[in-house]
There are 2 protein chains.
Amino acid sequence: MLLAVDLVILTLRGPSLHVLLIERGVEPHQGALALPGGFLRDLDEDILAAAQRELTEEAGLSEVPHLEPLGFYGEPGRDPRGRVVSAAYLAVAPRLPEPVAGTDAAEAWWRPVDDVLSARLHLAFDHRRMVAEGVERARVKLEHSALATAFCRETFTISELQQVYEAVWDVRLDPRNFYRKVQKAEGFIVPAGPMRRTENGRPARLFKAGPMQTLYPPMARSAQ
Amino acid sequence: MLLAVDLVILTLRGPSLHVLLIERGVEPHQGALALPGGFLRDLDEDILAAAQRELTEEAGLSEVPHLEPLGFYGEPGRDPRGRVVSAAYLAVAPRLPEPVAGTDAAEAWWRPVDDVLSARLHLAFDHRRMVAEGVERARVKLEHSALATAFCRETFTISELQQVYEAVWDVRLDPRNFYRKVQKAEGFIVPAGPMRRTENGRPARLFKAGPMQTLYPPMARSAQ
DNA sequence: TCGACTTCCTGTCAATCTGACAAGAAGCTA
DNA sequence: TAGCTTCTTGTCAGATTGACAGGAAGTCGA
């Protein structure tokens with residue numbers, strides 16, 4: 001039996017959630033879009049280590065602030081070489097200045113998650129299901145964990161953090177109420193120096209991720 | 001490479017959370033306590049099907065209301081026969097009238113989760129970590145999903161449902177406030193006929209699981 | 001220099017929700 | 001019938017939420 005590792009790597013580009021896809025260079029499904037991933041290099045390679053290796057080789061990302069197991073997928077009949085089982089990992093990358101390029105087998109692009117979920121983009125294997133479950137995991141974890149900070153760079157403004165929630169949940173939030181909630185959740189974010197960054201309007205204070213991983217009170221996703 | 005399936009089966013016994021453990025009949029770790037599980041029967045067996053087979057054969061449970069993938073565990077050097085990867089599943093069983101017995105390789109017992117987590121009971125392989133992650137998953141899902149009903153029989157009283165939350169979260173809740181919250185979460189529970197069951201005090205109304213899988217408003221685990 | 005515009009942030013207020021508790025309802029047992 | 005148990009409906013003050021006003025602090029263009 002063969003064990004593969006596949007990565008659902010989420011990030012923000014502009015106002016919307018994106019996932020990293022590659023064009024497969026080999027059969028099966030050559031030329032189709034797929035998640036970055038591959039077989040374990042050798043029998044003794046650790047699964048988590050393999051995930052990190054794929055992150056570097058195929059996605060060109062050296063270090064992401066969040067990497068967690070997502071599930072496993074049988075994919076019977078995936079490959080003529082035999083039974084293949086995929087271990088899927090969810091990774092969250094901060095906003096990147098440049099599109100990911102110059103990677104392993106083929107090119108890698110950030111693609112809107114909506115295009116994948118609505119089937120406007122067809123993905124190889126059962127990778128669309130992996131994306132769906134990765135996004136759902138992110139949506140749930142945003143409520144009661146500090147996952148949102150993984151989408152941001154080391155320091156960030158509160159409105160940048162708000163964009164994360166708006167993109168992942170696909171809702172519009174009131175900035176003023178968002179301020180209050182985020183600041184009240186103890187240990188979620190802490191001020192990062194008196195510096196400020198400039199953009200267009202009034203400069204904003206900078207924060208960084210706090211020590212607390214579970215949020216209390218949680219960020220409630222309202223009924224709407 | 002070999003693929004195994006392991007099951008973290010949780011249930012309520014008395015007032016506390018229990019997990020099903022077996023005594024291993026074969027090496028390695030013969031005689032030690034472990035989670036029920038085993039290797040895939042053949043190369044084409046579906047992973048989920050294997051989990052359900054183990055549920056029947058090793059745990060003597062025909063049907064559980066909840067079964068979901070938990071994670072995968074590399075366990076390098078687990079077995080002399082080669083590299084083994086375990087796919088762990090979380091299962092939730094309703095209260096059972098009798099202790100599980102007469103199962104596969106050896107005997108199966110319900111053991112208090114606390115004894116496992118506090119290391120009073122030693123488990124083979126990295127099964128203690130699987131239990132810990134299964135319990136943590138259950139704790140989180142209780143907040144915003146209808147998982148709690150999976151711990152109950154088909155019909156149940158509100159106070160039985162409360163016992164689930166108290167056991168899994170290890171907190172004490174006010175029954176009157178619990179009534180209010182549970183009834184307000186739309187689609188969580190629905191009345192199951194005008195029947196009542198008798199116990200000790202005033203008879204209670206019976207409910208069954210409602211159609212809604214995600215709770216709004218969620219059952220907030222307070223700070224305490 | 002002076003608006004006009006942008007975004008950031010503090011504050012207010014009514015509606016709702018929460019936690020703590022009182023008290024009645026409906027069974028059992030003695 | 002009294003006393004016990006558990007279930008269920010209410011009440012009430014304090015906390016939280018959602019909607020919104022308005023000032024603060026920058027940039028840009030004339």
Side-chain angles (χ1 to χ4, degrees), chain A residues 12 14-15 95 142-144 152-153 155-167 169 171-186 188-208 215-224, chain B residues 12 14-15 95 142-144 152-153 155-167 169 171-186 188-208 215-224:
Chain A
L12 250 59
R95 272 181 192 281
L142 238 50
E143 292 189 66
H144 51 82
C152 300
R153 302 199 197 84
T155 64
F156 49 86
T157 68
I158 292 189
S159 79
E160 283 168 357
L161 194 63
Q162 180 181 340
Q163 287 172 29
V164 174
Y165 280 90
E166 294 186 329
W169 284 351
V171 295
R172 222 51 37 198
L173 301 173
D174 185 308
R176 299 161 288 190
N177 294 334
F178 187 80
Y179 268 65
R180 188 178 50 196
K181 289 201 79 166
V182 158
Q183 306 240 42
K184 194 168 297 179
E186 206 160 340
F188 186 12
I189 58 173
V190 295
M195 341 160 224
R196 301 164 177 237
R197 205 190 299 171
T198 168
E199 188 91 10
N200 199 354
R202 168 177 173 175
R205 278 183 286 177
L206 287 178
F207 294 84
K208 60 183 177 184
L215 302 185
Y216 189 82
M219 304 291 292
R221 194 164 21 155
S222 82
Q224 304 256 26
Chain B
L12 248 60
R95 274 181 190 280
L142 239 50
E143 292 189 66
H144 51 83
C152 301
R153 302 197 197 85
T155 64
F156 48 85
T157 68
I158 291 189
S159 79
E160 283 169 357
L161 193 63
Q162 180 181 342
Q163 286 172 30
V164 174
Y165 280 89
E166 293 186 330
W169 285 350
V171 295
R172 223 48 40 194
L173 300 173
D174 184 308
R176 299 161 288 188
N177 295 334
F178 187 80
Y179 267 66
R180 189 179 49 197
K181 290 200 79 166
V182 159
Q183 306 240 42
K184 192 166 299 180
E186 205 159 340
F188 186 13
I189 59 174
V190 295
M195 339 158 225
R196 303 169 174 234
R197 204 188 300 171
T198 169
E199 187 92 10
N200 200 355
R202 168 178 174 176
R205 277 183 287 176
L206 286 178
F207 294 84
K208 61 182 178 187
L215 303 184
Y216 189 84
M219 304 291 292
R221 193 162 26 154
S222 81
Q224 307 257 22

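Convention: sequence-line order gives letters A, B, ...; per-chain numbering from 1.
Within the model, atoms SG of C152(B) and NZ of K208(B) stand 15.0 Å from one another, a figure rounded to the nearest 0.5 Å.
Looking at which nucleotide of DNA chain C each of P203(B) and A220(B) is closest to, the 5′-most match is held by A220(B). Toward the 5′ end of DNA chain C lies the nearest nucleotide of N200(A), the other residue of the pair I158(A) and N200(A) mapping further downstream. Residues F207(B) and R196(A) both approach DNA chain D. Their nearest nucleotides, taken by heavy-atom distance, put F207(B) toward the 5′ side.
Candidate nucleotides dG19(C), dT10(C), dC8(C) were compared by shortest atom distance to the side chain of R205(A), and dT10(C) ranks first.
For DNA chain D, the neighbouring residues in residues 178-186 of chain A, judged by any heavy atom under 4.0 Å, are R180(A), K181(A).
When heavy atoms are screened at a 4.0 angstrom cut-off, S159(A) is found touching the sugar-phosphate backbone but no base atom.
When DNA chain D is scanned in the 5' to 3' direction for atoms under 4.0 Å from non-hydrogen atoms of chain A, the outermost contacting nucleotides are dT17(D) to dT27(D).
Under the 3.5 Å distance criterion, the side-chain polar atoms of E143(A) are left unmatched by any main-chain donor or acceptor of P218(A). No donor-acceptor pair under 3.5 Å is formed between the side chain of Y179(B) and the backbone N or O of I158(B). In this structure, E166(A) contributes its side chain and L173(A) its backbone to a donor-acceptor pair below 3.5 Å.
Residues R95(A) and E160(A) are not in side-chain contact: their nearest non-hydrogen atoms beyond the backbone lie 4.5 Å or more apart. Within the 4.5 Å cutoff, the side chain of Q162(B) has heavy atoms near those of the P175(B) side chain. You'll find the side chain of F178(A) reaches within 4.5 Å of the side chain of M219(A), heavy atoms only. Within the 4.5 Å cutoff, side-chain heavy atoms of L161(B) are placed close to those of F188(B).
Counting to the nearest Å, the P atom of dC8(C) and the CG atom of L206(A) are 11 Å from each other. The nearest whole Å value for the distance from the CG atom in N177(A) to the P atom in dC9(C) is 15 Å. As a whole-Å value, the separation of R176(B) CZ from dA20(C) P is 10 Å. Between R221(B) atom CZ and dC17(C) atom P the separation is 22 Å, expressed in whole Å.
More than 12 non-hydrogen atoms from other residues, nucleotides or ligands lie less than 6.0 angstrom from CD of Q183(B).
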